[in-house]
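All residue numbers refer to positions in the sequence shown, counting from 1. All values reported here derive from a predicted model rather than from experimental measurement.
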Amino acid sequence: MAATVAGCGSEKQADETPKASDKGASPTAEKFAADPGIRYTKVVPPAMEGLVCDEGDGGFRFGSDLDIGVYGDDGLKEIDDDSGDVADEISCFGSPRIVLRKGTQSVSAPTFTARTSLYENVPDPTASLTKIFDHSMKLSVSYGRNLTGKPHISTSRTMVTKCQQNVTDTFPMTTCFWANYRAVGAVDFFPPDGQYVPIASAAALTKDFVGGALKGTGGS
């Protein structure tokens with residue numbers, strides 16, 4: 001496990017880590033709305049209850065290509081980023097922090113890490129999500145992630161989400177990919193108390209993250 005213990009770049013500590021109390025729940029489905037016309041210009045660390053977020057990996061990496069990424073987006077044109085304002089990787093930590101242990105090693109891990117890609121247009125978010133999820137997860141399996149259970153799709157008015165639990169370097173992870181009309185991303189949830197983050201909790205936190213992280217102009 002290639003990882004270092006590091007902070008989140010902020011002295012502020014959250015009161016508590018969000019608790020997943022809906023282990024038996026399924027993500028609720030809403031009707032995905034039409035394109036509102038928003039053009040995203042950047043991704044920022046969002047303000048989330050119980051979490052402190054900052055740009056970067058928070059000092060944690062699995063290494064050996066086990067870190068999740070967004071792949072298979074051929075045909076989607078990413079926005080120009082001459083200003084360097086797009087933060088494609090953000091980590092969010094809760095308090096107390098998650099500690100992962102393997103043998104004699106222990107490391108502080110974030111509640112989740114997120115990677116986001118902004119595009120000029122994603123004409124069919126559901127189709128793009130399926131393609132990117134399948135390609136990215138297949139690639140992750142080839143690098144050593146082992147999928148467990150079945151993927152779950154949930155929708156809201158603003159995005160489509162597809163989550164799957166998996167085992168990464170012995171740790172039970174929950175991974176959610178999401179898409180809307182201008183962006184696609186992945187959120188990788190680390191295991192509090194050595195347990196999977198429930199799918200419903202992961203989908204809800206993914207929606208909260210996206211709502212706070214994407215900044216843009218226009219729209220109705």
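- The side-chain heavy atoms of Val197 and Met173, taken from C-beta on, include no pair separated by under 4.5 Å.
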Before you tell me yes or no, could you show the steps for Tyr71 and Lys131 under side chain to side chain contact (heavy atoms under 4.5 Å, CB included), namely the whole-Å CA-CA distance, both residues' side-chain angles and the distance that decides it to 0.1 Å? CA-CA 9 Å; Tyr71 306 107; Lys131 180 181 178 182; over 6 Å; no
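- Here the closest heavy-atom approach between residue Gly72 and residue Ile132 is recorded as O-CG1, 3.7 Å.
- One finds the CE atom of Met159 at 8.5 Å from the CG atom of Leu214 (value rounded to the nearest 0.5 Å).
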Could you please spell out the steps behind the side chain to side chain contact (heavy atoms under 4.5 Å, CB included) verdict for Thr161 and Thr155? CA-CA 6 Å; Thr161 308; Thr155 60; over 6 Å; no
Report the C-alpha separation of Arg157 and Lys31 in whole Å, then their side-chain angles, then the decisive distance to 0.1 Å, and conclude whether the side chain to side chain contact (heavy atoms under 4.5 Å, CB included) test is met. CA-CA 6 Å; Arg157 289 185 56 80; Lys31 184 177 180 181; 5.7 Å; no
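- Residue Cys176 holds its SG atom at 11.5 Å from CD1 of Ile153, rounded to the nearest 0.5 Å.
- In this structure, CD in Gln164 is found 10.5 Å from CZ in Phe177, a value given to the nearest 0.5 Å.
- Side-chain atoms of Tyr119 and Asp73, non-hydrogen and from C-beta on, do get closer than 4.5 Å to each other.
- No side-chain heavy atom of Ser156 sits less than 4.5 Å from a side-chain heavy atom of Phe32.
- For the residue pair Tyr196/Thr148, the side-chain donor-acceptor check at 3.5 Å is satisfied.
- In this structure, the side chain of Asp57 engages the main chain of Gly59 through a donor-acceptor pair within 3.5 Å.
- For Gln165 against Pro198, the heavy-atom pair with the smallest separation is NE2-CA, 4.2 Å.
- Scanning all heavy atoms of the two residues, the minimum distance from Val122 to Ser128 falls at CG1-OG, 3.6 Å.
- In terms of heavy atoms, Gly212 sits closest to Val44 at O-CG2, 3.9 Å.
- Within the 4.5 Å cutoff, the side chain of Leu66 has no heavy atoms near those of the Ser140 side chain.
- Looking at Ser136, its side chain never comes within 3.5 Å of a backbone N or O of Phe133 through a donor-acceptor pair.
- The two residues Pro46 and Ala213 have their closest heavy-atom pair at CB-N, 3.8 Å.
- Phe60 is not listed as a side-chain neighbour of Ser91, based on a closest heavy-atom distance of 4.5 Å or more.
- Side-chain contact of Asp208 with Thr206: a donor-acceptor pair under 3.5 Å is absent, judged by distance alone.
- Side-chain contact between Tyr143 and Ser64: absent, with no pair of heavy atoms (C-beta onward) separated by less than 4.5 Å.
- Note that the OG1 atom of Thr113 and the CD1 atom of Ile68 stand 8.5 Å from one another [nearest 0.5 Å].
- Taking the side chain as every heavy atom from C-beta outward, Thr116 and Asp88 never approach each other to under 4.5 Å.
- Checked against side-chain contact (heavy atoms from CB on, under 4.5 Å), Asp67 has the following partners two or more places apart in sequence or in another chain: Arg61, Phe62, Arg115.
- Residues Phe171 and Val99 fall into different hydrophobic clusters, defined by Ile, Leu, Val, Met, Phe, Trp and Tyr side chains chained together at heavy-atom separations under 4.5 Å.
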Test side chain to side chain contact (heavy atoms under 4.5 Å, CB included) on Asp134 and Lys162 and set out the steps. CA-CA 10 Å; Asp134 290 347; Lys162 189 171 185 177; 3.9 Å; yes
Show which side-chain atoms of residues 178-190 pair as donor or acceptor with protein atoms under 3.5 Å away, not counting sequence neighbours.
unit_1: Asn180; atom_1: OD1; unit_2: Arg182; atom_2: N; d: 2.9
unit_1: Asn180; atom_1: OD1; unit_2: Ala183; atom_2: N; d: 2.8
unit_1: Asn180; atom_1: ND2; unit_2: Tyr40; atom_2: OH; d: 3.3
unit_1: Tyr181; atom_1: OH; unit_2: Ala33; atom_2: O; d: 3.1
unit_1: Arg182; atom_1: NE; unit_2: Ile38; atom_2: O; d: 3.4
unit_1: Arg182; atom_1: NE; unit_2: Glu120; atom_2: O; d: 3.4
unit_1: Arg182; atom_1: NH1; unit_2: Asp35; atom_2: OD2; d: 3.2
unit_1: Arg182; atom_1: NH1; unit_2: Asn121; atom_2: OD1; d: 3.0
unit_1: Arg182; atom_1: NH2; unit_2: Asp35; atom_2: OD2; d: 3.1
unit_1: Asp188; atom_1: OD1; unit_2: Arg145; atom_2: NH1; d: 3.2
unit_1: Asp188; atom_1: OD1; unit_2: Thr175; atom_2: OG1; d: 2.5
unit_1: Asp188; atom_1: OD2; unit_2: Arg145; atom_2: NH1; d: 3.3
unit_1: Asp188; atom_1: OD2; unit_2: Arg145; atom_2: NH2; d: 2.5

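- One distance of note links SG of Cys163 with NE2 of His152; it measures 9.0 Å at 0.5 Å rounding.
- Side chain of Glu89 to main chain of Glu55: no donor-acceptor pair is present (N/O by atom type, distance under 3.5 Å, no hydrogens or angles).
- Thr111 contributes atom OG1, which lies 8.0 Å from atom CZ of Phe93 (distance to the nearest 0.5 angstrom).
- Using a 4.5 Å heavy-atom threshold, the side chains of Ile90 and Val43 count as touching.
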